[in-house]
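A quick write-up on the structure given underneath.
In what follows, every chain begins at residue 1, and chains take the letters A, B, ... in the order their sequences are listed.
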Number of protein chains: 2
Amino acid sequence: MTLDDAAARLEALGNPTRLSIYRTLVRAGEGGLSVSALRERLGGALSTLSHHLQKLILIGLVIQERQGTTLICRANYDQMHGLVDYLTKECCADETDARQGDAA
Amino acid sequence: MTLDDAAARLEALGNPTRLSIYRTLVRAGEGGLSVSALRERLGGALSTLSHHLQKLILIGLVIQERQGTTLICRANYDQMHGLVDYLTKECCADETDARQGDAA
DNA sequence: CCGATATTCCTAGAAATATCGGAAGATGGA
DNA sequence: TCCATCTTCCGATATTTCTAGGAATATCGG
């Protein structure tokens with residue numbers, strides 16, 4: 001993962017509304033949630049929710065799956081783990097371990 | 001840590017320039033870096049760098065310490081660990097463990 | 001095909017952000 | 001005190017983002 005990728009994920013999660021969406025999705029777990037179910041829990045306009053969802057989907061933090069008329073949204077745990085890994089290993093590694101980078 | 005706090009940290013780190021600043025600071029480790037040393041490594045205008053630094057400092061991700069004429073900037077590891085903890089425990093906990101929240 | 005429901009797309013305005021050049025403030029040395 | 005150095009603050013502009021209402025699209029049941 002590049003620095004720009006990490007920044008994009010961070011930025012996507014950096015908006016309170018989107019972080020709420022993501023957290024709600026994570027907690028819903030297994031079955032995921034439809035867009036309207038999400039709105040029932042979070043409030044706000046549907047178009048706004050969709051807009052944020054698109055951002056999360058584009059980046060890969062959220063996955064959508066069609067189920068009849070409704071689209072089920074699910075959190076993509078792998079992406080989050082990748083991000084956390086980047087933060088803890090590549091970026092925030094102890095300086096002793098980070099010498100392979102640009103520490104020059 | 002509240003959701004808004006986490007979002008604020010995430011947003012601060014979500015800008016590529018700021019993530020670079022933070023990463024450079026982390027890798028500098030021990031001694032930290034002065035603002036001008038930071039600019040030598042990252043380029044760009046000094047005022048822009050200062051602006052981003054202020055954001056990072058305000059949130060607590062970066063700490064400044066006076067050393068004679070120069071101000072040394074250091075990464076605040078604790079804040080980052082706190083953020084990672086939030087992401088992995090409070091936010092991205094498995095649904096089985098997250099029932100104390102708003103899972104209703 | 002038609003109607004109903006679910007979701008996204010288009011459009012738009014207000015607000016925030018990123019970036020910069022140059023001036024101003026702070027600190028230390030002669 | 002005066003100068004040199006380091007850093008932040010001021011003012012400005014272009015870009016992006018957030019929010020939302022309403023139209024358009026997709027899918028299903030009859």
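The nucleotide whose nearest atom lies closest to any side-chain atom of A:Ser36 is, among D:dT8, D:dC18, C:dA6, C:dA6. Nearest to the side chain of A:Ala45, among D:dT7, C:dT8, D:dA20, sits D:dA20. Of the listed nucleotides (D:dT7, C:dC9, C:dG21), D:dT7 has the atom at the smallest distance from the side chain of B:Ser34.
Side-chain nitrogen and oxygen atoms of B:Thr48 include none within less than 4.0 Å of the OP1 or OP2 phosphate oxygen of C:dT19. In this model, the phosphate group of D:dT8 is approached by a side-chain N or O of B:Gln64 to a distance below 4.0 Å at OP1 or OP2. Distances shown here put every side-chain N or O of A:Asn15 at or beyond 4.0 Å from the OP1 or OP2 atom of D:dT17. The side chain of B:Thr17 contributes an N or O atom lying less than 4.0 Å from OP1 or OP2 of C:dT19.
Between the CD atom of A:Glu65 and the P atom of D:dA26 there is a distance of 20 Å, rounded to whole Å. Atom P of nucleotide D:dT19 and atom NE2 of A:His51 are separated by 8 Å, given to the nearest angstrom. Summarising the geometry, the separation between CD on A:Glu11 and P on C:dA16 is reported as 17 Å, rounded to the nearest angstrom. Atom pair B:Ile72:CD1 and D:dC6:C1' shows a separation of 11 Å (rounding to whole Å applied). Look at NE2 on B:His52: it is 6 Å from C1' on C:dA18, rounded to the nearest Å. The interatomic distance linking B:Arg39 (CZ) with C:dC20 (P) rounds to 10 Å, in whole Å. The CD atom of A:Gln54 sits 9 Å away from the C1' atom of C:dT7 (whole-angstrom rounding). With rounding to whole Å, B:Leu53 atom CG is found 13 Å from C:dT19 atom P.
Atoms CG and CG, on B:Leu38 and B:Leu71 in that order, are 12.0 Å from each other to the nearest 0.5 Å. Rounding to the nearest 0.5 Å places CG of B:Leu83 at 7.0 Å from CZ of B:Arg9. Atom OG of B:Ser47 sits about 9.5 Å away from atom NE2 of B:His52, to the nearest 0.5 Å.
Closest non-hydrogen pair, B:Leu19 versus A:Ala7, comes out as CD2-N, 3.7 Å. Of all the heavy atoms in A:Arg23 and B:Tyr86, the pair that sits closest is CD-OH, 4.1 Å. Heavy-atom minimum distance, B:Ala45 versus B:Arg39: C-CD, 4.4 Å. Residues A:Ala12 and A:Ile59 come closest through the heavy atom pair CB-CD1, 3.4 Å.
Side chain of A:Ser50 to backbone of A:Leu46: no donor-acceptor contact under 3.5 angstrom is found.
For DNA chain D, the stems formed by at least three consecutive Watson-Crick or G-U pairs, with both atom-pair distances below 3.5 Å, span C:1-30 with D:1-30.
Residues B:Ala37 and A:Arg18 each lie close to DNA chain D; by heavy-atom proximity, the contact nearer the 5' end of the strand is made by B:Ala37.
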N/O-N/O pairs, protein side and nucleotides 22-28 of chain C side, under 3.5 Å:
none

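In the hydrophobic cluster analysis, where Ile, Leu, Val, Met, Phe, Trp and Tyr join through side-chain heavy atoms closer than 4.5 angstrom, A:Leu3 is grouped together with B:Tyr22.
A heavy-atom distance below 4.5 Å is not found between the side chains of A:Leu25 and A:Leu56.
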